[in-house]
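Computed over heavy atoms, backbone and side chain alike; hydrogens, waters and symmetry mates excluded. The structure displayed is predicted, hence computed values, not measured ones.
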Amino acid sequence: MSKYQADVQALLQYVGGKENIRAVSHCMTRMRFVLVEPDKADTARIEAIPAVKGTFTQAGQFQVIIGNDVAVFYNEFTAYAGIEGVSKDAVKAAAKTNQSLIQRVVGTLGEIFAPIIPALICGGLILGFRNIIGEINFFAGGTMSLSDVSQFWAGVYNFLWLIGEAVFHMLPVGIVWSITKKMGTTQILGIILGLTLVSPQLLNGFSVATAEQIPVWDFGFAQVQMIGYQGQVIAAMLAGFVLVYLEKFFKKICPEVVSMIVVPFLSLVPAVIVAHTVVGPIGWKIGDAIASVVYLGLTSNVRWLFAALFGLLYAPIVMTGLHHMTNAIDSQLVNLYEGTILWPMIALSNIAQGSAVLAMSVLQKKNQRAQQVNIPACISCYLGVTEPALFGVNMKYGFPLVCGMIGSSVAAVISIGTGVEAYSIGVGGLPGILSIKPQFWVTFLLAMAAAIVIPFLLTFVVGKRKLDTAALQGEGQPEEEPQPVPAADDGEIKSPITGKIIPLEEIPDQVFSQGVLGEGVGIQPAGTEVLAPADGTICSVMEDSKHACGIQLDNGVELLIHVGMDTVAMNGEGFQLHVHEGDRVRLGDRLITFDPEKIRQAGHPTTTAFVVTEPGDFTFTFQSGLEAVAGETTIITCQ
């Protein structure tokens, strides 16, 4: 009888049977399925199987967490089911068939913006705080702000712009970098391309709409406008993909001996030219068209219809970066009529998207990982900066974005239908009421109520039905606290890699960070070798991908060393395995050699997981926040 006979039989049944499996493979810890009909998988029953530690779905793959023994489980499963396993690349390719075009596009956007989210959250909070101390007139009869009456706060207001400008004005740099990182091309070229989009030699993109004259590069036979793309998303993304595909093309056709010289030049120079002659102008044409439609709608007899559409579509417009064009319209309205009816609707859209995030925060109150994004994003959104909420939460799940758009639409109709008018632009979100003319406060409060209540209720109701347990409570959340583990007979386990030791929860992978496979630490590598952290026997290895191995100590404790995140997809490139299953090793023996730069170029984090997968009956402590030397620094102690 096989070791996991009952478990593999149950798993095959609960994933929907052999006919529901399009492809299956495994990595160091998980079975990876591509299912014909994902809804047929009974996750509750699957997670009740003794060998299963959790499940989650990611990028079209249904992943079942097994642990160190996954290779044995996988072999028994494929033998029983009569299914031939496939490569990781084949599974990844098959997984795309489970995703619609919209899902693939949103997934790509999510992967591009994921590394930028912390900066957006920080920048959002900073700009929201600047709005409060520098844009809201609390003093002198509503004519002066806190920064106007206090030199200290004036200094704070000006100083904080140093960070705000870096985050939002220089956003194209981060976007192009992230694209090159995701696509596995040269990231420094992406950074340089991004810098050319926001160079101080150019007319600042925020000033283009109101500039009297735009400077040009004059080539004699042609002129090119010197326009910057500060805060622009579409232009930066298009430029980034132009660079990526140029570099990939020239890498294919260029001889290796001159590749280092030829490829960067032939990739970067044309990409910069295309960005400033094709991508940029197209982006501004789109922006001009949107501005014209907005102005026409504001002055028409069917302004209520325009308000509904504007309130509905403003959040998606923000995601393109084209919303900055509304500043020119607002300025014109203020000059002509000493007020603007456009800005109140923008403030209401901020509130509506923030309310959708607030509902997500309530729904995911047990999901600590999600709350790290939800709470700051909600705060910054209510203070008038929506990018963290849009990119970090609402676009990720989809339905909160739509619910926020609906609430914003209703609130905008109330606002424009009752003639709500603001003194000027500058204050968004909840503080926006302080920029509204006092005679409209009551009706604006009514519109604010709609922007708060409608998105919150819609998101909460839809989320209750749509979100699974993993999204609500945290993917792979263990039901019980894992027992502590010893390091070795002498009470010590050394670091397997030279680098900085970080807490487990900071590992950028939910299976490890949530402790599903056991407690441990993460390592930010500064070296290139994995050494045995103690005496023991190699109990598992990934012979094909070479990125991970398990070691069983003499007292029965099992440890897992997993180099990088999702590095199984690299199929062994950049890795060299020095041991095999069953090998006896001693403290300091070399287990794996790896190339951190190749991992980064492939678009994967180099963060290494070092966890205890079979703890035994011991108590232990983990060290973090220190710089460790492989084979020398103790990072786990037990008693």
Side-chain angles (χ1 to χ4, degrees), residues 28-29 68 181 187-188 485-509 512-513 517-542 545-553 557-568 570 572-580 583-613 620-638:
M28 189 65 186
T29 59
N68 272 10
K181 179 176 180 291
Q187 295 174 33
I188 186 61
V485 60
D489 290 338
D490 63 357
E492 295 185 351
I493 289 181
K494 310 297 183 182
S495 175
I497 299 176
T498 297
K500 183 177 181 180
I501 310 302
I502 62 174
L504 188 74
E505 57 268 20
E506 293 184 14
I507 296 177
D509 180 282
F512 291 115
S513 65
L517 293 171
E519 291 299 293
V521 295
I523 306 171
Q524 300 287 12
T528 60
E529 290 185 332
V530 178
L531 306 183
D535 296 351
T537 303
I538 300 300
C539 59
S540 59
V541 292
M542 293 296 291
S545 57
K546 306 177 180 65
H547 72 292
C549 69
I551 178 172
Q552 184 180 55
L553 306 186
V557 170
E558 290 188 14
L559 309 171
L560 171 64
I561 307 166
H562 191 289
V563 183
M565 295 295 109
D566 205 29
T567 42
V568 65
M570 295 176 65
E573 184 178 354
F575 293 89
Q576 184 178 359
L577 191 63
H578 302 288
V579 292
H580 302 281
D583 286 355
R584 177 72 181 171
V585 296
R586 299 188 65 81
L587 172 65
D589 286 351
R590 189 168 55 173
L591 308 181
I592 300 171
T593 304
F594 62 96
D595 186 339
E597 185 56 34
K598 285 191 176 181
I599 296 175
R600 285 188 283 265
Q601 288 179 358
H604 305 299
T606 58
T607 306
T608 295
F610 184 39
V611 300
V612 180
T613 53
F620 65 97
T621 57
F622 297 100
Q623 301 295 325
S624 63
L626 54 95
E627 298 291 339
V629 177
E632 298 181 13
T633 307
T634 299
I635 58 175
I636 304 175
T637 57
C638 75

message = If you apply the rule side chain to side chain contact (heavy atoms under 4.5 Å, CB included), what do you find for Phe610 with Val530, and how did you get there?
response = CA-CA 11 Å; Phe610 184 39; Val530 178; over 6 Å; no

task = Could you please spell out the steps behind the side chain to side chain contact (heavy atoms under 4.5 Å, CB included) verdict for Phe575 and Met542?
result = CA-CA 11 Å; Phe575 293 89; Met542 293 296 291; over 6 Å; no

ask   = When you look at Val521 and Leu504, which way does the side chain to side chain contact (heavy atoms under 4.5 Å, CB included) test go after all the steps?
value = CA-CA 4 Å; Val521 295; Leu504 188 74; 5.9 Å; no

query = Is there a side chain to side chain donor-acceptor pair (under 3.5 Å) between Thr607 and Gln524 once you walk through the steps?
reply = CA-CA 5 Å; Thr607 306; Gln524 300 287 12; 3.1 Å; yes

query = Between Asp535 and Arg584, does a side chain to side chain contact (heavy atoms under 4.5 Å, CB included) hold up when you go through it step by step?
reply = CA-CA 8 Å; Asp535 296 351; Arg584 177 72 181 171; 4.2 Å; yes

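Of all heavy-atom pairs spanning Ile507 and Ser513, the tightest one is O-CB, 3.3 Å. Of all heavy-atom pairs between Thr528 and Pro596, the closest is CG2-CD, 3.7 Å. Smallest separation of non-hydrogen atoms from Leu560 and Leu517: CD2-CD1, 4.4 Å. A pairwise comparison of heavy atoms in Asp595 and Glu597 identifies OD1-N, 3.0 Å as the closest pair. Closest approach of Phe594 and Gly527 over heavy atoms only: CZ-O, 3.4 Å. Nearest heavy atoms, Gly574 versus Lys598: CA-CD, 3.8 Å.
Environment of CD in Glu573: sparse, with no more than 12 heavy atoms of neighbouring residues, nucleotides or ligands closer than 6.0 Å.
Gln187 places a side-chain N or O within donor-acceptor distance of the main-chain N or O of Arg600, the cut-off being under 3.5 Å.
With sequence neighbours excluded, the residues satisfying side chain to side chain contact (heavy atoms under 4.5 Å, CB included) with Thr593 are Glu529, Gln576, His578, Arg590.
Within the 4.5 Å cutoff, the side chain of Ser545 has no heavy atoms near those of the Thr567 side chain. With contacts defined as side-chain heavy-atom distances shorter than 4.5 Å, the pair Pro533/Leu559 qualifies. At a threshold of 4.5 Å between non-hydrogen side-chain atoms, the residues Glu558 and Gln552 count as touching. In this structure the side chain of Leu591 never reaches within 4.5 angstrom of the side chain of Val541, judged on heavy atoms. Counting heavy atoms from C-beta on, the side chains of Ile493 and Leu553 come closer than 4.5 Å.
With rounding to the nearest 0.5 Å, the separation of CD in Glu506 from CD1 in Ile501 is 12.0 Å. How far NE2 of His547 is from CE of Met570: 10.5 Å, rounded to the nearest 0.5 Å. Here Thr621 contributes atom OG1 and Ile635 contributes atom CD1; the two are 11.0 Å apart, rounded to the nearest 0.5 Å. If you take CD1 on Ile523 and NE2 on His562, they are separated by 13.0 Å, rounding to the nearest 0.5 Å. Here the straight-line distance linking atom CD1 of Ile599 with atom CG of Asp566 works out to 11.5 Å at 0.5 Å rounding. With rounding to the nearest 0.5 Å, the separation of CD1 in Ile592 from NZ in Lys546 is 10.5 Å.
Results of the side chain to side chain contact (heavy atoms under 4.5 Å, CB included) test with Val557 over Ile551, Ile636, Val612 single out Val612 as the only residue that passes.
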